[in-house]
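Here the structure is a predicted model, which means the values were calculated and not measured.
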Amino acid sequence: MKKLSFSTVMLWLGLIFLYAPMFILIFYSFNASKLVTVWGGFSAKWYMELFKDQQILDAVWTSLEIAFLSASMAVVLGTMAAFVMTRFRRSWAKLSLSNMITAPLVMPEVITGLSLLLLFVHMADMIGWPAERGRLTIWLAHSTFCAAYVAVVVSSRLRELDMSIEEAAMDLGATPFKTFFLITVPMIAPALTAGWLLSFSLSLDDLVIASFASGPGATTLPMVVFSSVRLGVSPKINALATLIIMAVSLMAFLSWYFARRAEKKAKAAME
């Protein structure tokens with residue numbers, strides 16, 4: 001019998017530590033009892049109750065909408081910032097901009113959320129906009145801190161590019177604007193996709209900044225879950241978490257499948 005190596009044992013222990021709570025959550029989502037820690041028999045009624053809860057459904061739609069818009073805006077802002085960080089000549093202005101862009105990565109979310117709240121309040125007092133905090137302010141807040149993550153991802157990709165390709169395109173008559181969209185963007189497309197997905201996940205998961213930037217007219221899913229957990233964990237939350245885990249797992253599997261198929265096609269074409 002083959003002995004298990006130390007690295008294999010630690011790998012399995014790590015996987016169990018990470019995924020055992022998820023399997024327990026999925027198991028108790030089919031619990032018939034209202035008490036999440038007491039097994040009352042197998043039942044899927046909490047999934048039916050979940051789809052009848054209009055507050056949770058509205059929060060899910062709000063979170064998805066804000067996450068999509070925030071990720072899209074963050075990719076635009078982060079790509080422009082990354083281009084400046086990598087292509088402009090070294091100066092104190094470039095260094096200051098780089099430090100300002102990466103600051104949200106290490107800044108506590110409480111500080112970021114409080115500063116954005118004060119900004120929105122002072123803007124409303126001075127110019128009358130925004131009139132109230134809601135989806136718009138959450139979108140602006142999420143776009144701000146997500147752009148920092150996109151800038152780091154895209155800048156690392158831009159540093160690896162061969163600039164001679166862009167120079168050759170401009171030598172052949174392409175304008176810088178056309179070169180950027182036809183040459184640079186396709187080459188950094190994987191980084192743009194990774195930045196968008198990262199921003200979408202961060203926005204969808206955020207609680208602290210959304211709590212500061214939101215108002216009575218907008219409630220995100222993490223805010224609803226957190227408020228319900230404070231009053232006691234409802235089996236509906238277990239059902240909701242199970243559906244989210246299944247959706248994320250399906251997306252991860254599809255991404256792996258299409259990437260693997262594209263890799264096989266590329267190898268077959270080379271042969």
Side-chain angles (χ1 to χ4, degrees), residues 59-87 97-98 100-107 109 112-113 116 134-161 165-166 176-210 213-214 218 220-223 225 241 243-263 265-266:
V60 170
W61 174 249
T62 300
S63 294
L64 290 175
E65 181 182 1
I66 292 174
F68 178 83
L69 296 175
S70 299
S72 302
M73 179 58 71
V75 167
V76 176
L77 297 177
T79 302
M80 291 190 296
F83 198 81
V84 172
M85 292 167 58
T86 56
R87 296 302 171 85
L97 177 63
S98 301
M100 291 169 58
I101 291 172
T102 56
L105 299 177
V106 295
M107 190 79 67
E109 289 189 350
T112 304
L116 289 169
R135 294 188 180 188
L136 177 61
T137 53
I138 299 176
W139 170 59
L140 293 174
H142 283 185
S143 300
T144 300
F145 84 91
C146 287
Y149 292 88
V150 176
V152 172
V153 174
V154 175
S155 62
S156 63
R157 176 59 178 162
L158 283 172
R159 292 189 180 96
E160 298 175 354
L161 293 184
I165 301 176
E166 299 175 358
F177 184 82
K178 190 173 183 179
T179 301
F180 176 76
F181 280 99
L182 296 182
I183 304 298
T184 307
V185 170
M187 290 192 295
I188 64 173
L192 296 178
T193 303
W196 191 93
L197 292 174
L198 178 62
S199 300
F200 185 86
S201 301
L202 290 171
S203 176
L204 192 64
D205 183 60
D206 177 68
L207 171 64
V208 178
I209 295 178
S214 67
T220 61
L221 180 60
M223 296 169 63
V225 173
L243 293 177
I244 293 175
I245 291 173
M246 292 177 62
V248 172
S249 300
L250 179 61
M251 291 177 60
F253 174 77
L254 292 176
S255 300
W256 169 83
Y257 174 76
F258 287 115
R260 184 179 178 85
R261 192 172 69 171
E263 183 179 357
K265 288 184 177 180

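Between the Arg157 side chain and the Met187 main chain, a donor and an acceptor come within less than 3.5 Å of each other. Of the possible donor and acceptor atoms, none in the side chain of Thr79 sits under 3.5 Å from a partner among the backbone N and O of Val76. Within the 3.5 Å criterion, the main-chain N or O of Leu140 finds no donor-acceptor partner in the side chain of Ser143.
Scanning both residues, Ala82 and Ser155, for their nearest heavy atoms gives CB-N, 3.6 Å. Heavy-atom minimum distance, Ala147 versus Ala74: N-CB, 3.7 Å. Of all the heavy atoms in Met223 and Ala218, the pair that sits closest is CE-O, 4.5 Å. Nearest heavy-atom pair across Val153 and Ser156 is O-OG, 2.6 Å. The two residues Gly195 and Val75 make their nearest non-hydrogen contact at C-CG2, 4.4 Å.
Phe200 meets the ring pair (Phe, Tyr, Trp, His ring centres under 6.0 Å) test with Trp196; sequence neighbours excluded. For Trp139, there are no ring pair (Phe, Tyr, Trp, His ring centres under 6.0 Å) partners at least two apart in sequence or on another chain. Applying the side-chain hydrogen bond (donor to acceptor under 3.5 Å, both in side chains) test to Thr102 and every residue at least two apart in sequence or in another chain returns nothing. With sequence neighbours excluded, the residues forming a salt bridge (Lys or Arg N to Asp or Glu O under 4.0 Å) with Arg87 are Glu166, listed by chain and number. Glu109 is linked by a salt bridge (Lys or Arg N to Asp or Glu O under 4.0 Å) to nothing, counting only residues two or more places apart in sequence or in another chain. In this structure, the side-chain contact (heavy atoms from CB on, under 4.5 Å) partners of Leu250, at least two apart in sequence or on a different chain, are Leu254.
Side-chain contact between Met251 and Val248 is absent, with no heavy atoms from C-beta onward closer than 4.5 Å. With contacts defined as side-chain heavy-atom distances shorter than 4.5 Å, the pair Asp206/Thr220 does not qualify. The closest side-chain heavy-atom distance from Leu69 to Arg135 is not below 4.5 Å. Between Phe83 and Ile188, the closest side-chain pair of non-hydrogen atoms is not below 4.5 Å. In this structure the side chain of Thr62 never reaches within 4.5 angstrom of the side chain of Leu221, judged on heavy atoms. Side chains of Thr144 and Pro104 form no contact here, defined as non-hydrogen atoms less than 4.5 Å apart.
Within 6.0 Å of CZ in Phe68 there are 12 or fewer heavy atoms belonging to other residues, nucleotides or ligands.
Atoms CD1 and OG1, from Ile165 and Thr184 in turn, are 9.0 Å apart once rounded to the nearest 0.5 Å. Atom CD1 of residue Ile183 and atom CZ of residue Phe181 lie 13.0 Å apart, to the nearest 0.5 angstrom. Separating the CD atom in Glu65 from the CH2 atom in Trp61 is a distance of 6.0 Å, to the nearest 0.5 Å.
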- request: Go through the steps to decide whether Val150 and Leu77 satisfy the test side chain to side chain contact (heavy atoms under 4.5 Å, CB included), and finish with yes or no.
  value: CA-CA 8 Å; Val150 176; Leu77 297 177; over 6 Å; no

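Tested against Leu202 for a side chain to side chain contact (heavy atoms under 4.5 Å, CB included), the candidates Asp205, Leu198, Leu204 yield a single pass: Leu198.
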